[in-house]
Structures are given as C-alpha cells and as structure tokens.
Amino acid sequence: MDQQKYLTNQRNKEKILQGNNLEQERNKNLQENKAGRLKKIVVPLLQWYDNNARDLPWRENSEPYAVWISEIMLQQTRVEAVKPYYDRWLKAFPTLSALAAAPEEEVLKLWEGLGYYSRARNIHKTAKIVEENYEGMLPSSFEALLKLPGVGEYSAGSIGSIAFQLPVPCVDGNVLRVITRITAEDADISEPSTKKLLTEWVRAIVPDARPGDFNQSLMELGASICLPNGLPKCESCPVSSLCEAFQQNKTTDFPVKKPKPQRKKEKRTVLLILLGDKAAVRKRKDSGLLASLWEYPNYPGELKEQEVIEKLQAKGLSPVTAIKLKKAKHIFTHIEWQLSGYLVTLDESLFSEKQVDWAEFSGGEDDFFWANSDLLHEHLTIPSAFKVYHQILLNTLQSAH
DNA sequence: AAATCGGGGAG
DNA sequence: CTCCCAGATTT
C-alpha cells in the first residue's frame with residue numbers, strides 16, 4: 001500500500017517536472033523570438049539616428065576623457081541639466097591630468113547642484129588611478145573600465161562603445177523602456193535579472209560597426225520618441241512596425257516596474273547666523289546624505305524663536321535677534337525636508353574665536369565655521385537643499401554693504 | 001534584494 | 001502632487 005502510494009507520488013513528481021521543462025522550453029523559444037525581432041531594428045534605428053540625433057556638446061568631442069565625464073554626469077541626470085556643467089568642467093579641467101592634480105574641494109565646487117556627489121569624488125579618484133596605473137589614458141577594455149570607481153555596467157558599456165568602438169551593450173532607463181515595448185516584455189525592470197536579460201538581448205544585436213552610435217540611437221529614441229509615462233510618439237517612431245507593444249496598442253503597459261517606497265518627511269530648522277560680514281556654516285559628516293558638503297546649521301524639528309535663542313546660548317553665542325524666515329521644502333529621492341528658518345544676528349563685541357583655513361576645517365557635528373560672502377560663493381560647496389536660505393543670506397550680506 | 005544617494009523638469 | 005532621468009554602491 002505504502003509502496004503504491006510512493007510510486008504514484010513519484011509519477012506525479014515526474015509529470016510536474018516534465019511540465020516545468022516544457023514551460024521552460026516555451027519561455028526560451030519566446031525569448032529567442034524576442035531577441036530575433038530586435039535584430040531588425042538595428043539598420044532603421046541607425047538611419048533614424050543619422051537624421052535626428054540631437055546636437056549635444058559631448059557629441060562634438062570623442063576623446064575618451066570627455067566621453068567619460070559626460071557619461072558620469074548623465075547618470076540619473078537629464079541632458080538639459082548636464083549641459084552647462086559639462087562645458088564648465090572641460091574648461092576648468094581640459095585634461096585628465098589637470099583633473100587629477102586638482103584639490104577635491106575644487107572638483108566638488110564644480111559639481112555643486114548636480115547631485116549624487118559621490119560621482120564627483122569617484123571621478124576624481126579615477127583620474128588619480130588612471131594617472132598612476134594607465135599613464136594618464138583611460139583603459140580601453142570593458143573589464144578595465146568596469147573596475148574604475150563610479151563606472152558600472154552601463155557606463156563601461158557607453159564609454160567602451162562610444163569612445164573605444166567596443167561592440168558592447170549599454171542599458172539605461174531609456175533602453176529598458178524601448179526594449180520592453182518592442183518585445184512586449186512584461187518582466188519587472190526593477191529586477192536585476194530582468195536588466196541582465198535585456199542586456200543580453202542588446203549584446204546580441206550591437207553592430208561591430210558604429211556600436212556607440214547604435215547605443216546612442218537606442219537612448220535617443222527613448223529620450224525623444226519612446227517617452228515614459230504613457231505618451232510615446234509612436235507616429236514618429238522609425239521602428240513602430242517592429243514594435244510588439246505598438247502593434248497590440250499596449251505601449252502604456254510597458255515597462256513593468258514595481259512601485260516606489262514612500263518618502264519619509266523630516267522637519268528641520270535652518271539657522272542663518274550673522275556675525276558682521278560672516279555667517280556660520282558647518283561641514284556635514286563624511287558619510288551618508290550630502291557627505292562632507294557645507295551647510296548652514298540646521299536642527300531636527302520646527303524650532304520656536306525662543307528655542308533657537310537657547311540653543312545658541314548653550315553654544316556660548318550671544319544672539320541679539322532671531323527673525324523668522326519663510327518656509328521651504330526640498331525633496332530628495334527618499335526623504336522630504338520641510339524646512340523653516342531664522343535669520344539670527346550676534347553681538348560681535350561678545351565674540352572671539354580662532355579661525356583656521358576653511359580647507360583645513362574639520363570640526364565636530366555642530367562646530368561652526370565663519371565664512372564670508374566670497375568663500376560661500378567661490379569655494380564652499382553648499383547643496384541645493386539649502387538654496388532658498390543660501391540666497392537669502394547672500395542678499396542680506398550684500399545689502400549690509 | 002533592498003536601501004541609499006540629488007536635483008529638477010514635465011505632466 | 002507623481003514620475004523618472006544616458007545608475008552605482010552599500011547594506
């Protein structure tokens with residue numbers, strides 16, 4: 001009896017296994033069809049690109065150094081936002097050697113406002129590595145590029161194909177959208193496995209001739225025709241006849257993406273503390289959000305005027321007035337700062353402090369550095385989160401003279 | 001696998 | 001408001 005039960009069980013297991021194999025086989029064939037469909041886009045896409053490529057600054061300079069800088073700047077950052085930074089950067093650091101020789105503060109200052117500041121630090125690190133290990137020339141293999149700080153799968157692919165004509169794929173958000181629509185692929189693109197799969201599809205079709213142009217044509221299509229949020233301009237698309245989503249009138253169904261976690265809200269109070277022609281700033285801790293950048297002293301919660309006075313008195317300062325400023329909001333990807341602020345003036349006669357050079361400053365969590373307008377303008381990197389109050393302060397300092 | 005890391009423009 | 005951008009790295 002038990003024996004028979006066992007045999008039945010085994011047969012069922014085999015059936016299930018066989019079913020799985022059949023399903024896997026079907027999936028494999030389906031994916032090969034999708035990959036096969038993709039091959040047909042190469043020629044029309046390159047032709048379309050030749051006639052429709054935007055006139056972008058980094059397309060006028062094909063030196064690996066320039067390509068590299070542009071690709072890092074473009075990570076998660078819109079073309080329009082990058083343009084002024086790119087031009088200014090190449091003026092300030094025309095060569096990789098010039099960049100490697102610059103102090104990090106200068107590098108960060110040029111990045112001020114562009115966001116994701118670890119990119120700037122990694123660029124600087126990489127410049128030094130390349131000076132030391134590669135005689136000042138960026139390595140030309142995909143594997144070596146991938147090892148550089150700040151260069152991941154995408155950037156190694158884009159730099160490799162654009163600057164070194166390597167037939168390697170580069171898959172960014174644009175490409176994910178374009179490819180999932182053409183193939184009507186409903187796998188979740190926020191899964192790394194999905195990105196891997198699509199990368200292999202693209203790898204199979206990147207042409208040996210003009211790999212960089214082909215990769216750019218895919219991204220360009222995503223940026224100008226195959227738009228997100230369900231409004232693609234399919235009537236102008238050079239490959240709509242090859243697009244499964246378009247044929248099925250389902251372009252808005254792709255790409256499939258899992259919803260984003262909710263942003264946490266954080267109330268903070270920013271203090272503009274004036275001492276003659278100087279204002280208090282401090283340096284953020286060297287890890288986490290806005291690491292090592294400069295900021296105006298700010299504290300958790302929505303402080304009342306009296307609390308502000310007391311806090312400063314506890315630090316040995318002598319506030320004379322504290323005027324409430326307008327509220328502001330700054331949205332990061334995962335945090336929302338709800339800011340309130342005060343303009344505080346101190347009694348200069350009661351103040352004395354030794355001041356080291358700003359580049360040497362390394363105070364504790366809440367130690368102040370007194371910066372004049374020139375330093376704030378020319379040297380200290382203050383993130384955009386403080387822009388509203390930064391502007392108020394600069395105006396105040398200016399009108400006081 | 002999930003969280004972290006900026007900032008801004010478009011709808 | 002929401003979405004997402006020529007992503008990389010850490011946890």
Side-chain angles (χ1 to χ4, degrees), chain A residues 49 53-54 56-59 67-86 108 111-123 125-126 145-163 169-178 188-196 199 202 212-224 226-231 252 255 257-265 284 287-293 295 328-337 381-388:
Chain A
Y49 183 71
R54 285 169 294 178
L56 303 177
W58 41 92
R59 289 183 177 160
V67 172
W68 165 53
I69 297 298
S70 72
E71 288 303 334
I72 304 302
M73 285 186 170
L74 284 161
Q75 289 170 0
Q76 287 292 284
T77 309
R78 294 177 183 278
V79 162
E80 289 309 315
V82 168
K83 282 180 182 174
Y85 284 87
Y86 173 83
L108 282 170
W111 203 270
E112 183 180 53
L114 197 55
Y116 287 146
Y117 295 88
S118 66
R119 291 183 294 173
R121 292 202 178 83
N122 282 334
I123 281 181
K125 260 191 224 166
T126 293
L145 287 168
L146 195 55
K147 286 179 185 162
L148 302 173
V151 177
E153 287 280 332
Y154 163 78
S155 301
S158 60
I159 299 167
S161 64
I162 296 170
C170 73
V171 175
D172 71 335
N174 289 308
V175 178
L176 289 174
R177 186 170 58 255
V178 168
D188 184 348
I189 61 164
S190 42
E191 297 291 335
S193 59
T194 304
K195 196 180 159 188
K196 261 188 180 172
T199 300
V202 177
D213 283 347
F214 173 70
N215 281 333
Q216 291 188 76
S217 76
L218 269 178
M219 296 189 277
E220 190 87 0
L221 191 75
S224 58
C226 198
L227 300 172
N229 301 325
L231 17 104
T252 57
K257 210 171 179 178
K258 86 166 57 96
K260 292 175 180 171
Q262 216 187 351
R263 255 193 303 269
K264 291 166 192 165
K265 295 178 180 178
R284 295 178 62 85
S287 67
L289 188 65
L290 304 171
S292 301
L293 302 187
E295 67 179 356
K329 177 159 54 176
H330 187 81
I331 299 174
F332 301 100
T333 304
H334 55 294
I335 305 171
E336 175 178 326
W337 276 357
T381 302
I382 299 179
S384 298
F386 298 95
K387 189 177 274 179
V388 170

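Here is how names work: the chains are called A, B, and so on, in the same order as the sequence lines, proteins then strands, and each is numbered from 1.
Here C:dG7 is the nucleotide among C:dG7, C:dC5, C:dA6 with the atom lying nearest to any side-chain atom of A:Ser155. The nucleotide whose nearest atom lies closest to any side-chain atom of A:Lys258 is, among C:dA6, B:dG7, B:dA2, B:dA2. Here C:dA6 is the nucleotide among B:dC5, C:dC4, C:dA6 with the atom lying nearest to any side-chain atom of A:Ala223. Candidate nucleotides C:dC5, C:dA6, B:dG7 were compared by shortest atom distance to the side chain of A:Tyr117, and B:dG7 ranks first.
Counting non-hydrogen atoms under 4.0 angstrom, A:Ser158 reaches nothing in the nucleic acid. Within 4.0 Å of A:Pro149, counting heavy atoms only, lie sugar-phosphate atoms of the nucleic acid but no base atom. Heavy atoms of A:Lys329 sit under 4.0 angstrom from primed sugar atoms or phosphate atoms, though from no base atom. A:Trp111 comes within 4.0 angstrom of no nucleic acid atom, judged by non-hydrogen atoms across all strands. Looking at heavy-atom distances under 4.0 Å, A:Val175 makes no contact with the nucleic acid at all. Among the protein residues, A:Ser70 comes within range of no part of the nucleic acid, since none of its heavy atoms lies under 4.0 Å from any strand. Residue A:Thr333 is classed as a base contact, given a heavy-atom separation below 4.0 Å to a base. Within the nucleic acid shown, A:Phe332 comes within 4.0 Å of sugar-phosphate atoms alone, with no base atom in reach, counting heavy atoms only. Residue-level contact check: A:Gly288 touches the backbone only, with heavy atoms under 4.0 Å from sugar-phosphate atoms and none from bases. Looking at heavy-atom distances under 4.0 Å, A:Ile72 makes no contact with the nucleic acid at all. Among the heavy atoms of the strands lying under 4.0 Å from A:Arg59 is at least one base atom, whether or not backbone atoms are also near.
Donor-acceptor pairing under 3.5 Å, judged by distance alone, is absent between the side chain of A:Arg119 and the base of B:dC5. Counting atom types as modelled, A:Tyr154 pairs no side-chain N or O with a base atom of C:dG7 as donor and acceptor under 3.5 Å. At a cut-off of 3.5 angstrom, counting only N and O atoms as typed in the model, there is no donor on one side facing an acceptor on the other between the side-chain of A:Thr77 and the base of B:dG7.
For the pair A:His330 and B:dG7, the criterion of a side-chain N or O lying under 4.0 Å from OP1 or OP2 is met. The phosphate of C:dT2 (OP1 or OP2) has no side-chain N or O of A:Asn229 nearer than 4.0 angstrom. OP1 or OP2 of C:dG7 has not a single side-chain nitrogen or oxygen of A:Gln75 nearer than 4.0 Å.
Checking A:Lys260 against A:Gly152, the closest nucleotide of DNA chain C that is more toward the 5' end is the one next to A:Lys260. Comparing A:Asn122 and A:Leu56 along DNA chain C, the residue whose closest nucleotide (by nearest heavy atom) sits nearer the 5' end is A:Leu56. Between A:Pro261 and A:Ala385, the residue anchored closer to the 5' end of DNA chain B is A:Pro261, taking for each the nucleotide with the nearest heavy atom. Between A:Pro192 and A:Pro383, the residue anchored closer to the 5' end of DNA chain B is A:Pro192, taking for each the nucleotide with the nearest heavy atom.
To the nearest angstrom, C1' of B:dG8 lies 10 Å from CD1 of A:Ile331. In this entry the distance linking OH of A:Tyr116 with C1' of B:dG7 reads 9 Å, nearest Å. Straight-line distance from the CD atom of A:Glu80 to the P atom of B:dA10: 8 Å, rounded to whole Å. For the pair A:Asn174 CG and C:dC3 P, the interatomic distance rounds to 18 Å; values are reported in whole Å. A:Leu176 has its CG atom 12 Å from the P atom of C:dC4, to the nearest Å. Nucleotide B:dC5 holds its C1' atom 17 Å from the CD atom of A:Glu336, rounded to whole Å. The distance between atom CG of A:Leu231 and atom C1' of C:dC3, rounded to the nearest whole Å, is 11 Å. Whole-Å rounding puts the A:Leu108 CG to B:dC5 C1' distance at 14 Å.
Taking the side chain as every heavy atom from C-beta outward, A:Asp172 and A:Val175 approach each other to under 4.5 Å. A 4.5 Å side-chain heavy-atom check between A:Tyr86 and A:Leu56 finds every atom pair outside the cut-off. Side-chain contact between A:Glu153 and A:Lys196 is absent, with no heavy-atom pair separated by less than 4.5 Å. Residues A:Leu176 and A:Pro255 fail the side-chain proximity criterion, which asks for heavy atoms closer than 4.5 Å. Counting heavy atoms from C-beta on, the side chains of A:Lys329 and A:Val388 never come closer than 4.5 Å. Side-chain contact between A:Trp68 and A:Val151 is present, with at least one heavy-atom pair separated by less than 4.5 Å.
C:dA6 and B:dG11 have their P atoms separated by 14 Å, given to the nearest Å. A gap of 14 Å separates the P atoms of C:dT11 and B:dG6, to the nearest Å.
In summary, of the residues considered (A:Val67, A:Ile69, A:Val79), a side-chain contact (heavy atoms from CB on, under 4.5 Å) with A:Trp58 occurs for A:Val79 alone.
Aromatic ring centres of A:Trp111 and A:Tyr85: separated by at least 6.0 Å.
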